[in-house]
Each structure stands twice: as structure tokens, then as C-alpha cells.
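We name chains A, B, ... by the order of the sequence lines, and we start the count at 1 in each one. Values reported hereafter were calculated over all heavy atoms of this structure, with side chains retained and with hydrogens, waters and symmetry mates removed.
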There are 2 protein chains.
Amino acid sequence: MKNKQKQIQLRDVQDVIDVIGGRWRGAILASLCDKEKRFNELKRDLGNITPRTLTKELKYLEMNKLVSREVDTSGAVTISYSLTEHGKSLEPLIVQIVAWGQKHRKVVLARVVLPT
Amino acid sequence: MKNKQKQIQLRDVQDVIDVIGGRWRGAILASLCDKEKRFNELKRDLGNITPRTLTKELKYLEMNKLVSREVDTSGAVTISYSLTEHGKSLEPLIVQIVAWGQKHRKVVLARVVLPT
DNA sequence: ATTAGCAGTATCCTAAAAGATAGTGGTATT
DNA sequence: AATACCACTATCTTTTAGGATACTGCTAAT
């Protein structure tokens with residue numbers, strides 16, 4: 001039973017890794033924590049993601065109810081992506097991730113020794 | 001400056017995803033949160049990871065100072081893997097990940113509708 | 001002496017992720 | 001009228017992760 005419990009937890013970890021993992025998903029979510037964004041705005045934000053990948057990832061996040069896509073047809077059609085309520089519930093996690101990441105960077109870089 | 005700050009955060013998120021991401025790293029760390037383990041013990045724990053992959057991932061985690069490998073030569077040589085202090089500092093994060101993962105599972109499964 | 005478990009290595013192979021690049025149909029700008 | 005930006009889509013190729021499988025050298029148990 002203790003073991004079964006453990007299995008379940010590993011599964012949960014895997015689920016989350018799936019959602020925020022990969023090269024881009026975490027970064028997209030982190031970027032949307034800031035505020036809602038449009039497609040090309042996200043693209044610029046993320047640096048060198050290709051449109052193909054961005055499209056794919058946004059669709060995945062939509063399907064997982066983390067991001068919603070809204071079309072505004074008043075005037076020129078614009079499309080904005082934002083976190084859903086569920087997506088927003090990720091924010092504290094992302095904050096903690098960023099904090100740990102900064103600590104981690106220091107620990108790992110500590111091994112770098114410059115040669116004379 | 002606000003923008004630069006944002007870039008840095010995205011980088012941190014990426015770093016963490018890198019460390020706990022992939023098919024196995026998160027699970028290995030979660031498993032080692034429990035207690036130190038030997039190679040084949042981990043292998044059984046993780047289900048169907050191949051030894052090749054387990055070796056590779058453990059080396060990666062070692063290099064990133066999250067896991068330490070200890071050899072015991074009294075009697076038959078045994079090797080145990082455990083979290084370093086730095087690795088242990090990940091535990092609260094993993095706990096939060098598991099918690100969110102359970103919530104997420106409910107939200108996503110909520111879309112499943114059984115046909116008549 | 002043989003079998004079994006430990007802690008891996010070595011090769012080969014496949015599938016999935018993501019990059020590069022070009023193009024599309026629309027609107028707004030000058 | 002021409003250019004530029006928006007929000008993508010389509011193809012093609014490369015890269016990477018990770019699985020399958022077999023094998024190794026060692027020790028302990030039967």
C-alpha cells in the first residue's frame with residue numbers, strides 16, 4: 001500500500017512533467033503568467049521558437065485546459081492567448097520553480113573553475 | 001529591464017524542466033526522496049526503465065549535484081544512490097508538483113463524457 | 001559447480017520532438 | 001499600389017530520447 005501510494009505519486013509527477021515539460025511548454029506558461037499575449041508576441045518573447053512549434057504547443061495547452069484562445073473580430077481580427085483558471089493555478093508552482101532554478105544555477109555553476 | 005527580468009525567469013524555468021524533465025528524471029528523484037536506493041532497486045521501482053537509460057540519467061543527475069553515488073566495499077561491493085543536500089532541496093517542489101498533478105488529473109479527466 | 005543477483009556496457013534501432021524554410025490569406029499603413 | 005504585420009500552415013530534415021536486446025565481470029548462495 002505504501003508502495004502503491006508511491007506509484008501513484010510517480011504518475012502525478014509524470015503528468016506534470018508532461019504538461020510543463022518539453023522544450024517550450026513551461027516557458028510558454030511562464031510567459032503567459034505575466035499577461036495575455038498574442039501569437040507573435042509570444043513568439044518574440046520566447047526567442048527562437050518556430051511558428052510550427054508554437055502552434056502545436058498552444059493547441060496542446062488548450063486541450064489540457066491550461067490556456068484559452070480568444071478571437072476578437074472588432075476591427076482587424078486579433079487573437080489572444082491567456083491562462084485559464086486552471087492554468088493560473090499553476091502560477092505558484094512556477095514561482096517556486098523559478099526560485100529553485102536560481103538556486104540551482106548557483107550550485108551547478110559553482111563547479112566551474114577558471115584555468116590560470 | 002522588466003523584459004530582461006522575464007527572460008531570466010524563462011531561463012530558470014527551462015533549467016528546472018531540464019533537471020526534472022524527460023521521461024525519467026522526475027520519477028527517479030521522486031523515488032529517491034523516499035530513501036536511498038541501489039541500482040536494481042531503482043530499476044524495479046521505476047517499472048520499465050532500461051538499464052542503459054537508468055545509467056545515463058543517474059550520471060546526469062550526479063553531474064548536476066542532485067544525486068550522489070556511494071560505493072561500499074565492505075563485503076560484496078554495493079552501490080547506493082541518494083539525494084545530495086541540493087537534491088533534497090527539491091523535495092518541497094516535488095511535493096507541490098504531486099499535489100498539483102492530482103488536481104490537474106481531475107480537471108482534465110472531467111472532460112471525459114461517457115456515451116450512452 | 002551452477003545458478004542467481006548486482007551493477008552496469010555495448011550496439012542497434014525507432015519514434016517523436018523540434019528546427020529550417022517557404023508560403024498563405026487577411027488587414028493596416030504609408 | 002506597395003509594403004508590412006498578423007496568425008498561422010505545409011514540407012522537409014535533423015536531432016534526440018529512449019527502447020530492445022545481449023553481454024560482461026563480480027560475488028553470494030545452494
message: Give me each pair satisfying ring pair (Phe, Tyr, Trp, His ring centres under 6.0 Å) with a member in residues 31-90 of chain B, each pair once, sequence neighbours excluded.
response: A:W100-B:H86, A:H104-B:H86

[X] side chain vs [Y] backbone, donor-acceptor pair below 3.5 Å:
{"X": "B:Q14", "Y": "A:R23", "answer": "yes"}
{"X": "B:R69", "Y": "B:S80", "answer": "no"}
{"X": "A:T55", "Y": "A:P51", "answer": "yes"}
{"X": "B:E62", "Y": "B:K59", "answer": "no"}
{"X": "A:N64", "Y": "A:L66", "answer": "no"}

message: Under a 4.0 Å threshold between the charged nitrogen and the carboxylate oxygen, would B:R38 count as salt-bridged to B:E70?
response: no

Identify each atom pair where a protein N or O and an N or O of nucleotides 18-27 of chain C are less than 3.5 Å apart, giving names and distance.
residue: C:dA18; atom: OP1; partner: A:R23; partner atom: N; Å: 2.8
residue: C:dA18; atom: N7; partner: A:R52; partner atom: NH1; Å: 2.9
residue: C:dA18; atom: N7; partner: A:R52; partner atom: NH2; Å: 3.1
residue: C:dG19; atom: OP2; partner: A:W24; partner atom: NE1; Å: 3.3
residue: C:dG19; atom: O6; partner: A:R52; partner atom: NE; Å: 3.2

In whole angstrom, give the distance that lies between atom [atom1] of [X] and atom [atom2] of [N].
{"X": "B:L58", "N": "C:dA7", "atom1": "CG", "atom2": "C1'", "result": "11 Å"}
{"X": "B:L42", "N": "C:dG5", "atom1": "CG", "atom2": "C1'", "result": "16 Å"}
{"X": "B:L54", "N": "C:dA7", "atom1": "CG", "atom2": "P", "result": "11 Å"}
{"X": "B:R69", "N": "C:dA7", "atom1": "CZ", "atom2": "C1'", "result": "8 Å"}

For the student: nearest non-hydrogen atoms of B:S31 and A:L10, plus distance: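 Result for this residue pair: N-CD2, 4.1 Å.
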
task: Just call it for B:Y60: base, sugar-phosphate, or nothing, with non-hydrogen atoms closer than 4.0 Å on any strand.
output: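 No contact at all - B:Y60 keeps every heavy atom at 4.0 Å or more from the nucleic acid.
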
message: Tell me whether the side-chain N/O atoms of B:K59 come closer than 4.0 Å to OP1 or OP2 in C:dT9.
response: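 B:K59 to C:dT9 OP1/OP2: side-chain N or O found under 4.0 Å.
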
message: Need two values: the first and the last nucleotide of DNA chain D, 5' to 3', having an atom under 4.0 Å from any heavy-atom of chain B.
response: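 Endpoints of the contacted stretch of DNA chain D: D:dG18 to D:dA28.
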
